[in-house]
Amino acid sequence: MAGMLALAEPMMSGLGGDTMVLVWSAQDQRVFGLNGSGMAPSGASLARLGSVPLMPEHGAASVTIPGALDGWCALLERFGSRSLQELWEPVITAAREGYPVGESIAGFWAVGAALVGQSASSELREVFLPHGSAPQPGQLMRLPQLADTLEHVAREGRQGFYEGPVAEAIATTISAGGVPTTRAAVAAQQHRSAWVEPLSVGFRGRDVLGMPPNSQGVVALHALGILDGLPLAAMDEAERLHHEIEAIRLGFELAIDVVGEPTPAMLEQLRQALSPDGLAAARSRITAQARPATRPQGGNSGDTSYVCAVDGEGNAVSLMTSISGLFGSGLVAGNTGVLLNNRAAQFSSQPGHPNALAPGRRPRHSILPAMVLREGLPEFVMGVIGGNAHPQGLTQILVNALDLGMNPQQAVDAPRFKLIMQSGAVHIDPQFNPAVGHELVARGHQLGDSYGFIGFKGGAQMVRLHRDATGRCTSLEAGVDHRLDGVALGF
Amino acid sequence: MVEPLKRKGQRHQNANSLPKRHAAMANPSFLDRRSPVFAGRAMATSSSPLVTRVGLRVLERGGQCR
């Protein structure tokens, strides 16, 4: 599924990006986290960038060594039942023969082409903007270079990507953009994916699991932990949204100030923030009025792909993969058809910050697959794409499901808000009653445009596992956001 | 949003007096929204029909999910 995403949503995800995964193993009866995010290249240097308030959004300085392929290999080795060659056969065929572009993906294609603008390399234009423009909805796209790369990597495994001609193309492309990167620095990403203990927080009698740093998963967990102490179901809509916005704002402040390449001290700080005392202290900071706090470094970019799968044996996977912004860095690695990410844009450019750029470090990362356990067993497998919309969507959708009693489809379709940390603006879906917007303004919130791209509320997927009294799964119930092209299918 | 059904219901005095097979009419919220997808054993979701299909095929052949 992750391979097909590289084709269906190439401006969102693919071999040039990262992956993070939560796996429920039925055999082990527990959740494993997998962090397949890449590190800054060997030549990455704050000194070379000079004194800049923010990291560059595009170009070689925005690239981290892609971690996705190493992550998927690690996942297959531990839990897989098929080879990469078998799994990618339909992907390679579709890449050669052509596949129809979905409607919202065609929209993101066009928006992404405009956003990446002059930063788009000639290789990017040739591969992804044939005849100078993005494909129309339903238009057939062919990506033969990517097909060749996928075929090579499927045959050779990790080494087919991190060594040899693909690695050479990655190193050469990043180096040519001004960040000296050796082939050894690319090869060093092999076996770097880490199996990690998920972070968790209690919400409505469940355990919500998310990724630890360098993921900013703590944003959603902190917000949900704060909201767990508030009677949201008894509030009117504006009051409820105000509390959700404020809880999410506190979550972002925590993540932006603390999260980066993980250290024991960082993990301890986050565990404290997720403890009952830490959550109570944060909860007490919420008043009837909006906190004016903003974080200019709370980068919003990040467009991502998510899949969820539950198999007949009760295993469940919540998988995210992303090249960060639309069309990533704007660079395609040589003739591989692999779009390189711009995840390094999420580093801090301030020396001494826990998230400061340095070779070998991984940045604060927007992707956060989630899972919710009830009495120790998966009840929800879920994720939301769209940069900083991930934790905001997760929080709102779980409130929709558990406080407002919505089914998964209602929960993902319901109107949402999105807080922009750089400006403090709150974008709310136009389907909300206008009185809700007026009430939020009265509480001191600055409302943003309801329709623009920056206000994109993300695309969500949620699968609920229903169980009988013995804990056996009796049925699965899925919802897929109307905001993207997706569908759920099962048997 | 459900005017015709409300009028139908009104002919029967109140919802409780409806025959049992019409009980769902008393709360017909399913009429104006997309339904969730139910499955008995396995499920694949994604943001693209192409991707969901390849996931489903692996699941149908008895593979573990990824």
Side-chain angles (χ1 to χ4, degrees), chain A residues 1-5 7-9 12 21 23 72 75-76 79-82 87 90-91 94 99-100 102 104-105 305-313 315-317 319 381 385 407-410 413 459 461-464 473-482 484-491, chain B:
Chain A
M1 292 179 83
M4 201 57 153
L5 283 170
L7 192 63
E9 307 186 344
M12 304 269 201
V21 193
V23 185
W72 299 335
L75 187 61
L76 282 182
F79 294 111
S81 57
R82 296 280 193 279
L87 291 169
V91 186
Y99 63 95
S104 66
I105 284 305
S305 302
Y306 176 75
V307 296
C308 159
V310 183
D311 76 7
E313 339 234 282
N315 300 297
V317 170
L319 183 150
V381 184
I385 70 114
N407 71 44
Q409 188 62 46
Q410 289 175 292
D413 278 344
Q461 296 161 44
M462 176 186 239
V463 177
R464 185 168 197 161
C473 181
T474 51
S475 70
L476 305 161
E477 183 182 13
V480 174
D481 209 316
H482 70 275
L484 293 173
D485 300 326
V487 290
L489 282 172
F491 58 89
Chain B
M1 58 176 181
V2 286
E3 283 309 309
L5 282 169
K6 270 187 186 164
R7 279 197 294 277
K8 233 176 178 176
Q10 279 158 6
R11 269 186 251 129
H12 290 271
Q13 308 291 321
N14 60 53
N16 291 334
S17 71
L18 288 170
K20 199 171 181 183
R21 68 179 182 277
H22 290 154
M25 285 180 168
N27 182 24
S29 55
F30 64 89
L31 289 175
D32 64 351
R33 65 178 192 227
R34 176 102 170 81
S35 305
V37 172
F38 282 100
R41 294 185 58 217
M43 184 82 80
T45 75
S46 81
S47 44
S48 158
L50 302 167
V51 176
T52 299
R53 175 174 173 257
V54 299
L56 191 72
R57 277 171 48 166
V58 173
L59 292 171
E60 281 180 328
R61 291 174 193 167
Q64 285 169 14
C65 45
R66 67 194 60 76

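Lettering follows sequence order; numbering is per chain, from 1.
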Contacting moiety of [X], where chain B heavy atoms sit under 4.5 Å:
{"X": "A:V487", "answer": "both"}
{"X": "A:F491", "answer": "both"}
{"X": "A:T474", "answer": "backbone"}

Looking only at B:A39, B:G55, B:P49, the option with the highest number of non-hydrogen pairs under 4.5 Å against chain A is B:A39

Among A:D485, A:L489, A:L7, who wins on heavy-atom pairs under 4.5 Å with chain B? A:L489

Just verifying a value: how many Å separate A:R464 CZ and B:M43 CE, rounded to the nearest 0.5 Å? 13.0 Å

If you measure from CG on A:L484 to CD1 on A:I105, what distance do you get to the nearest 0.5 Å? 6.5 Å

Are any of the side-chain heavy atoms of B:T52 and A:V480 separated by less than 4.5 Å? no

For a 4.5 angstrom cut-off between non-hydrogen side-chain atoms, does A:L5 reach A:V307? yes

Checking A:E9 against B:S47: is there a side-chain donor and acceptor pair closer than 3.5 Å? yes

Please flag which part of B:R34 lies under 4.5 Å from any non-hydrogen atom of chain A: side chain, backbone, both or neither. both

